[in-house]
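Have a look at the structure below before the remarks.
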Amino acid sequence: MHKQSLALKFSFVFVVLSMAISLLTAAWQLAQGKSGSLLLVLETGAGLLLVLLPALLSKWLRFYLPAFLYFFFLAFIYCAIYLGDAYHFYYIPYWDKFLHLISVALLFGLAWAILGCFKFKEELPAGILCLYGVAFAIFCGVLWECYEFTCDGLFAMNLQRYLSAGRAALLDTNG
């Protein structure tokens with residue numbers, strides 16, 4: 001158990017320090033008047049807040065967050081926001097597919113962590129637990145894709161990476 005908490009602490013410090021250094025560097029570039037740094041400051045700042053949010057919520061709400069789940073959350077935020085957006089890893093083939101795989105596992109674990117907060121009179125069958133985890137992960141994934149589609153349409157963003165294929169291709173599959 002000690003090795004697990006030590007690895008988690010090291011991962012947390014690594015993620016926070018690397019994101020903080022990038023945030024300070026991007027803020028410095030923004031102060032120098034370089035264009036394109038504002039988005040990097042916003043993304044890295046949001047990533048830092050997201051990294052700190054589960055730890056704060058678990059303390060405030062007295063919610064137990066398993067160490068392995070928080071570790072994978074750190075890895076996901078680091079890969080998605082820091083490497084993906086800030087350093088353009090989304091242009092690496094299958095990077096987005098890799099992140100979807102991690103997010104499904106994270107959401108499945110989160111579903112079980114949330115379910116663990118409730119007290120049941122009798123033990124739930126394994127099939128129900130798995131069905132609940134899968135349904136929760138799919139529901140959250142669908143909500144996330146709706147959010148991306150809406151932001152792409154309203155704010156001319158490229159969250160679904162549709163610009164290379166065109167908006168018509170995206171509308172053909174989503175709406």
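What you are looking at is a predicted structure, and each value in this text was computed from that prediction instead of being measured. Residue numbers run from 1 in the order of the sequence given.
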State the [atom1]-[atom2] distance between [X] and [Y], to the nearest 0.5 angstrom.
{"X": "Phe68", "Y": "Leu106", "atom1": "CZ", "atom2": "CG", "answer": "9.5 Å"}
{"X": "Leu6", "Y": "Ser11", "atom1": "CG", "atom2": "OG", "answer": "9.5 Å"}
{"X": "Phe108", "Y": "Cys140", "atom1": "CZ", "atom2": "SG", "answer": "13.0 Å"}
{"X": "Leu143", "Y": "Glu145", "atom1": "CG", "atom2": "CD", "answer": "10.5 Å"}
{"X": "Leu107", "Y": "Ile138", "atom1": "CG", "atom2": "CD1", "answer": "10.5 Å"}
{"X": "Leu110", "Y": "Tyr70", "atom1": "CG", "atom2": "OH", "answer": "13.5 Å"}

Practice task
Using the six-membered ring wherever Trp is involved, compare the ring planes of His88 and Tyr91 and label them parallel, tilted or perpendicular (cut-offs 30° and 60°).
Solution key: tilted
Tell me every residue that passes side chain to side chain contact (heavy atoms under 4.5 Å, CB included) with [X], counting only those two or more places apart in sequence or in another chain.
{"X": "Leu38", "answer": "Leu30, Leu42"}
{"X": "Ala86", "answer": "Leu40"}
{"X": "Leu49", "answer": "none"}
{"X": "Ala135", "answer": "none"}

So if you build clusters from Ile, Leu, Val, Met, Phe, Trp, Tyr with side-chain heavy-atom gaps below 4.5 Å, do [X] and [Y] land together?
{"X": "Phe14", "Y": "Ile21", "result": "no"}
{"X": "Tyr87", "Y": "Leu50", "result": "yes"}
{"X": "Leu24", "Y": "Val16", "result": "no"}

Show me the side-chain donor-acceptor pairs of residues 72-83 shorter than 3.5 Å, one per line, residues at least two apart or across chains.
residue	atom	partner	partner atom	Å
Tyr82	OH	Ser18	O	3.4
Tyr82	OH	Ser22	OG	2.9

Which atom names give the shortest non-hydrogen contact between [X] and [Y], and what distance separates them?
{"X": "Ala113", "Y": "Leu69", "answer": "CB-CD2, 4.2 Å"}
{"X": "Met19", "Y": "Val51", "answer": "SD-CG2, 4.3 Å"}
{"X": "Gly133", "Y": "Ala111", "answer": "CA-CB, 4.0 Å"}

Exercise for the section: Walk me through it: do Leu115 and Leu124 pass the test side chain to side chain contact (heavy atoms under 4.5 Å, CB included)? Expected result: CA-CA 10 Å; Leu115 195 63; Leu124 294 173; 4.1 Å; yes
Problem - Pairing residues for Trp28 by the ring pair (Phe, Tyr, Trp, His ring centres under 6.0 Å) criterion, not counting sequence neighbours - result: none
Exercise for the section: Taking ring pair (Phe, Tyr, Trp, His ring centres under 6.0 Å) as the test, write out the residues that go with Phe89, two or more places apart. Expected result: Trp95
Practice task
Evaluate whether atom CD of Glu123 has more than 12 neighbouring non-hydrogen atoms of other residues, nucleotides or ligands under 6.0 angstrom away.
Solution key: no
Exercise for the section: Carefully, step by step, assess Leu99 and Tyr90 under the rule side chain to side chain contact (heavy atoms under 4.5 Å, CB included). Expected result: CA-CA 10 Å; Leu99 291 177; Tyr90 278 110; 3.3 Å; yes
Practice task
Compare all side-chain heavy atoms of Tyr94 with those of Leu101 and state whether any distance is below 4.5 angstrom.
Solution key: no
Handout entry: Pairs where residues 113-144 contributes a residue and the test ring-ring contact (aromatic ring centres under 6.0 Å, His included) is met, not counting sequence neighbours
Key = Trp144-Tyr147
